[in-house]
Engineer: 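Have a look at this one before I ask anything.
Residue numbers start from 1 in every chain, and the chains themselves are labelled A, B, ... in the order their sequence lines are given, proteins ahead of strands. Any value given below was found using the heavy atoms of this structure, including those in side chains, with hydrogens, waters and symmetry copies removed.
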Amino acid sequence: MASNGKPELGRPQSRPQISWGKWLLIGLALAYLGIVVYIPTVNVFVQAFSQGVGPFLGNFANHEFVHAIKMTVLIAALAVPMNTIFGLCAAWIVARHQFRGRALLLTILDLPFSISPVVAGLMIILLYGRQGWFGPLLQGADIQIVFAYPGMVLATAFVAMPFVAREVIPVLEELGTDQEQAAHTLGANAWQTFWRVTLPGIRWGLLYGVVLTNARSMGEFGAVSAVSGNVAGKTQTLTLFVEEAYKQYQTQASYGAAVILAGLALVSLALKALLESKTHVPRRVQF
Amino acid sequence: MGLTLTTRPAGLLRHFSWPWAVTLGYLGVMLLLPTLALIAKAGTETPADIWRIATDPVAVSAYQVTVGASLAAALVNTPFGVLVAWVLVRYPFPGRRVVDALVDLPFALPTSVAGLTLATIYSDTGWLGSLLAPLGIKVSFTVYGVFVALVFISLPFVIRTVQPVLQEMQSEPEIEEAARSLGANAPQTFWRVTLPPLMPAILTGFALGFSRAVGEFGSVVIIASGIPYKDLVAPVLVFQRLEQYDYSGATVIGVVLILISLVVLLGINLIQVWGKRYG
């Protein structure tokens with residue numbers, strides 16, 4: 001790298017020096033990312049497949065493992081659409097209206113990000129648990145929320161709440177209202193305007209928000225851990241399975257679940273990068 | 001289709017549309033009601049009891065470990081975060097786009113997976129743990145494990161807050177050029193010209209990373225032992241109280257955690273205001 005074979009014209013020293021500093025800084029940055037992020041991530045794949053693909057595939061014969069995958073998918077299948085509809089509505093309100101309390105609404109929208117996931121789980125328990133506000137009512141009706149699927153969905157939806165709104169608001173603002181007003185003038189009602197004009201205009205931003213919501217929903221651990229009771233084969237998600245198997249010294253099974261989640265994370269990041277090239281909204285801090 | 005009759009509701013109904021109903025209803029049920037339940041639960045305790053639970057020696061030591069390790073993690077991630085953002089914005093190098101996308105890995109990787117792999121790597125026989133063991137440094141199941149986990153999960157914040165500001169500066173290179181032409185060398189230009197406008201973004205990223213670290217549970221519960229006075233952090237303590245069905249204990253410590261977050265949030269808002277005045 002040191003000898004770039006170019007003939008030296010005019011200023012002999014200055015260019016290689018800058019180049020040296022540049023490569024030094026790049027190397028330093030990559031070394032830091034390597035130690036902090038890359039090595040731990042690569043390790044997940046190495047450990048999962050250290051004895052070939054066989055042991056990994058063997059996990060699928062484990063009933064609890066398969067059930068954990070099912071729970072993770074089922075929870076996201078409900079939490080993601082809930083948060084998407086909410087996020088769209090909230091984004092519409094914030095981006096299309098000026099009203100008193102708009103700044104307050106924006107702050108409240110971000111609130112779940114500043115609450116520890118475990119505390120979010122605790123809140124669900126205090127509300128729907130046996131001694132909670134709705135405890136007697138739910139027991140009377142024989143409905144179980146805490147330590148069951150509904151509570152896990154509520155906890156997951158809580159922590160993943162802000163993503164869609166946060167991503168759609170700037171896209172809606174950039175889109176402007178000209179086309180919507182044109183549609184309206186031409187006789188379209190609110191629904192028609194939304195489906196045919198607004199939604200196509202925000203589709204990439206919306207998809208971006210949905211990808212983030214899904215990644216967080218499938219990857220959530222703390223909040224779900226608090227409300228699930230973590231019963232293997234019943235209320236155990238993949239992230240909970242990772243911890244439980246590790247504690248039981250079933251490291252291979254633990255990495256089997258971990259590698260699926262890591263793969264999911266990488267796919268989410270790839271989709272995210274792809275969608276970023278489709279939207280021109282400046283990126284903000286996510287997750 | 002064009003013939004659809006649309007009647008416009010008048011008065012209040014005109015403002016109270018479906019998006020409003022969904023937003024307020026969802027926020028009310030999903031966010032405000034749970035928050036109220038927490039506050040109400042804390043309110044059922046007498047002030048003396050709240051104080052006793054909140055200042056219990058185990059809890060105080062847990063706050064100290066939490067805040068100390070989170071500060072340390074955020075402090076380490078700040079200069080390196082600026083470095084990574086700088087490299088990503090200023091230097092086109094092969095693979096830059098991939099490196100850029102992978103910065104968000106700590107956000108995307110579930111925390112229990114992070115805890116698992118960090119615990120393996122930093123165990124006495126792990127890739128990095130075996131290098132540290134001869135030096136007498138034990139990471140897994142100690143407070144260093146907490147630190148390592150928090151560095152991982154709070155890594156992206158400074159990078160992602162500084163990156164857009166640096167990007168914007170790219171469009172006005174004449175400021176740095178002016179400094180250089182007036183005789184400043186590269187380090188002087190960086191410290192006196194480039195860095196000051198970045199400060200609000202750096203501080204915001206620092207605060208966001210710190211705030212995230214304070215609430216972190218999943219990775220820490222796996223890599224640390226959760227033993228009081230050793231490596232027990234506040235979110236893990238909340239979880240332990242929950243497991244013991246001690247809802248009062250969990251609630252009070254949970255409220256303390258939320259208060260810490262709110263103070264940080266307020267700090268971030270002050271930084272933003274200061275940043276606007278500065279810019």
Side-chain angles (χ1 to χ4, degrees), chain A residues 22 25-26 28-30 32-33 36-37 39-41 43-44 47 85-86 89-90 92-93 108 111-112 114-119 122-127 131-133 154 157-158 161 187 189 215 219 221-222 225-226 239 242-243 246 254 258 261-262 265 268-269 272-273 282-283 285-287, chain B residues 2 4 6 19-20 22-23 26-27 30-31 33-35 37-38 41 80 83-84 86-87 91 93 99 101-102 104-114 116-118 120-121 127-128 151-152 155 157 160-161 164 208 211 215 217-218 222 235 238-239 242 247 250-251 254 257-258 261 265:
Chain A
K22 171 187 148 179
L25 290 180
I26 293 173
L28 207 58
L30 289 180
Y32 186 70
L33 289 173
V36 176
V37 185
I39 290 181
T41 308
N43 179 59
V44 176
Q47 298 286 337
I85 293 171
F86 159 73
C89 292
W92 171 267
I93 288 177
I108 291 176
L111 211 57
S114 6
I115 294 175
S116 175
V118 183
V119 178
L122 166 67
M123 289 176 173
I124 305 288
I125 294 175
L126 291 176
L127 209 49
Q131 301 165 21
W133 282 9
L154 287 173
F158 183 102
M161 200 181 293
N189 64 28
F221 175 76
S225 184
T239 53
V242 169
E243 188 211 12
Y246 175 71
S254 182
L261 290 164
S268 301
L269 289 184
K272 190 166 161 293
R283 83 169 69 215
V285 178
Q286 287 111 14
F287 288 88
Chain B
T4 332
T6 49
W20 279 98
V22 171
T23 304
Y26 198 83
L27 278 179
M30 298 290 296
L31 183 59
L33 206 58
T35 310
L38 185 81
K41 176 69 184 171
F80 282 106
L83 170 69
V84 173
W86 175 272
V87 164
Y91 305 143
F93 59 93
V99 171
L102 289 181
D104 287 330
L105 250 176
F107 285 150
L109 204 67
T111 51
S112 62
V113 177
L116 170 72
T117 182
L118 289 171
T120 306
I121 288 175
W127 290 349
L128 297 176
V151 167
F152 178 86
L155 169 95
F157 287 97
R160 290 300 189 227
T161 47
L208 284 172
S211 167
F217 170 74
I222 292 178
V238 171
F239 190 80
L242 261 177
Y247 292 149
T251 301
L257 267 177
I258 288 185
S261 288
L265 213 63

Engineer: How about Trp92(A) and Thr23(B): do any of their side-chain heavy atoms sit closer than 4.5 Å?
Structural biologist: no

Engineer: What is the distance from atom CZ of Phe93(B) to atom NZ of Lys22(A), rounded to the nearest 0.5 Å?
Structural biologist: 9.5 Å

Engineer: So, do Val36(A) and Phe80(B) sit near enough that their side-chain heavy atoms are less than 4.5 Å apart?
Structural biologist: no

Engineer: Please give me the minimum heavy-atom distance between Pro235(B) and Ser116(A), naming the atom from each residue.
Structural biologist: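 That closest heavy-atom pairing would be CB-OG, 3.9 Å.
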
Engineer: Under a 4.5 Å heavy-atom cut-off, does chain B meet the side chain of Leu25(A), its backbone, both or neither?
Structural biologist: both

Engineer: If you tally heavy-atom pairs under 4.5 Å against chain A, which of Val99(B), Leu102(B), Val238(B), Val113(B) wins?
Structural biologist: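 The option with the most such pairs is Val113(B).
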
Engineer: Would you name the heavy atoms of Pro117(A) and Gly215(B) that are closest together and state the gap between them?
Structural biologist: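 So the minimum-distance heavy-atom pair works out to CD-O, 3.7 Å.
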
Engineer: Counting only non-hydrogen atoms closer than 4.5 Å, does Leu31(B) touch chain A with its backbone (N, CA, C, O), its side chain (CB onward), both, or neither?
Structural biologist: both

Engineer: Hey, what do you get for CG (Leu83(B)) to CD1 (Ile26(A)), rounding to the nearest 0.5 Å?
Structural biologist: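 One gets 10.0 Å once the value is rounded to the nearest 0.5 Å.
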
Engineer: Can you see which heavy atom on Val119(A) is nearest to which on Gly254(B), and at what distance?
Structural biologist: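 Taking every non-hydrogen atom into account, CG2-CA, 3.9 Å.
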
Engineer: Below 4.5 Å, heavy-atom pairs only: which of Phe217(B), Tyr26(B), Tyr247(B) has the largest tally toward chain A?
Structural biologist: Tyr26(B)

Engineer: Which heavy atom in Ala101(B) sits nearest to a heavy atom in Leu269(A), and how many Å separate them?
Structural biologist: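 For Ala101(B) and Leu269(A), the tightest heavy-atom pair comes out as O-CD1, 3.8 Å.
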
Engineer: Using modelled atom types and a 3.5 Å cut-off, is there a donor and acceptor pairing between side-chain atoms of Thr117(B) and backbone atoms of Asn43(A)?
Structural biologist: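 Between the backbone of Asn43(A) and the side chain of Thr117(B) there is no qualifying donor-acceptor contact (under 3.5 Å).
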
Engineer: Heavy-atom distance under 4.5 Å to chain A: side chain of Ile258(B), backbone, both or neither?
Structural biologist: side chain

Engineer: As an exercise: rank Leu154(A), Leu28(A), Ile93(A) by heavy-atom pairs under 4.5 Å with chain B and give me the winner.
Structural biologist: Ile93(A)

Engineer: Which atoms of Gln47(A) come close to chain B, meaning under 4.5 Å heavy atom to heavy atom: side chain ones, backbone ones, both, or neither?
Structural biologist: side chain

Engineer: Given a strict heavy-atom distance threshold of 4.5 Å, which part of Ile125(A) is in contact with chain B: side chain, backbone, both, or neither?
Structural biologist: side chain

Engineer: Side chain, backbone, both or neither: which part of Ile108(A) has a heavy atom under 4.5 Å from chain B?
Structural biologist: both

Engineer: Chain B heavy atoms under 4.5 Å from Phe86(A): which part of the residue, side chain, backbone, both or neither?
Structural biologist: both

Engineer: How far does CG of Leu127(A) sit from NZ of Lys41(B), to the nearest 0.5 angstrom?
Structural biologist: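 With rounding to 0.5 Å, CG (Leu127(A)) is 13.0 Å from NZ (Lys41(B)).
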
Engineer: Counting only heavy atoms closer than 4.5 Å, note whether Leu109(B) contacts chain A via side chain, backbone, both or neither.
Structural biologist: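 Contact with chain A involves both backbone and side-chain atoms of Leu109(B).
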
Engineer: Where does Leu265(B) contact chain A at under 4.5 Å (heavy atoms): side chain, backbone, both or neither?
Structural biologist: side chain

Engineer: Where on Leu33(A) is there a heavy atom nearer than 4.5 Å to chain B: the side chain, the backbone, both, or neither?
Structural biologist: side chain

Engineer: Given heavy-atom pairs under 4.5 angstrom as the criterion, report whether the side chain, backbone, both or neither of Leu118(B) touches chain A.
Structural biologist: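 Contact with chain A: side chain only.
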
Engineer: So what's closer than 4.5 Å to chain A heavy atoms on Leu242(B): side chain, backbone, both or neither?
Structural biologist: side chain

Engineer: Identify the two heavy atoms, one from Ser112(B) and one from Phe221(A), that lie closest to each other, and give their separation to 0.1 Å.
Structural biologist: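 Reported closest heavy-atom pair: CB-CD1, 3.6 Å.
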
Engineer: Is it the backbone or the side chain of Leu128(B) that comes under 4.5 Å from a heavy atom of chain A, or both, or neither?
Structural biologist: side chain

Engineer: Are the side chain of Ser261(B) and the backbone of Ser114(A) linked by a donor-acceptor contact shorter than 3.5 Å?
Structural biologist: yes

Engineer: Going from OG1 on Thr35(B) to CD1 on Ile115(A), what distance comes out if it is rounded to the nearest 0.5 angstrom?
Structural biologist: 5.0 Å

Engineer: Let me confirm one number: the CZ-CD1 distance from Phe152(B) to Ile39(A), rounded to the nearest 0.5 Å.
Structural biologist: 12.0 Å

Engineer: In Å, rounded to the nearest 0.5 Å, how long is the span from CD of Glu243(A) to CD1 of Ile222(B)?
Structural biologist: 5.0 Å

Engineer: For residues Ala37(B) and Trp133(A), report the shortest heavy-atom separation together with the two atoms involved.
Structural biologist: CA-CZ2, 3.7 Å

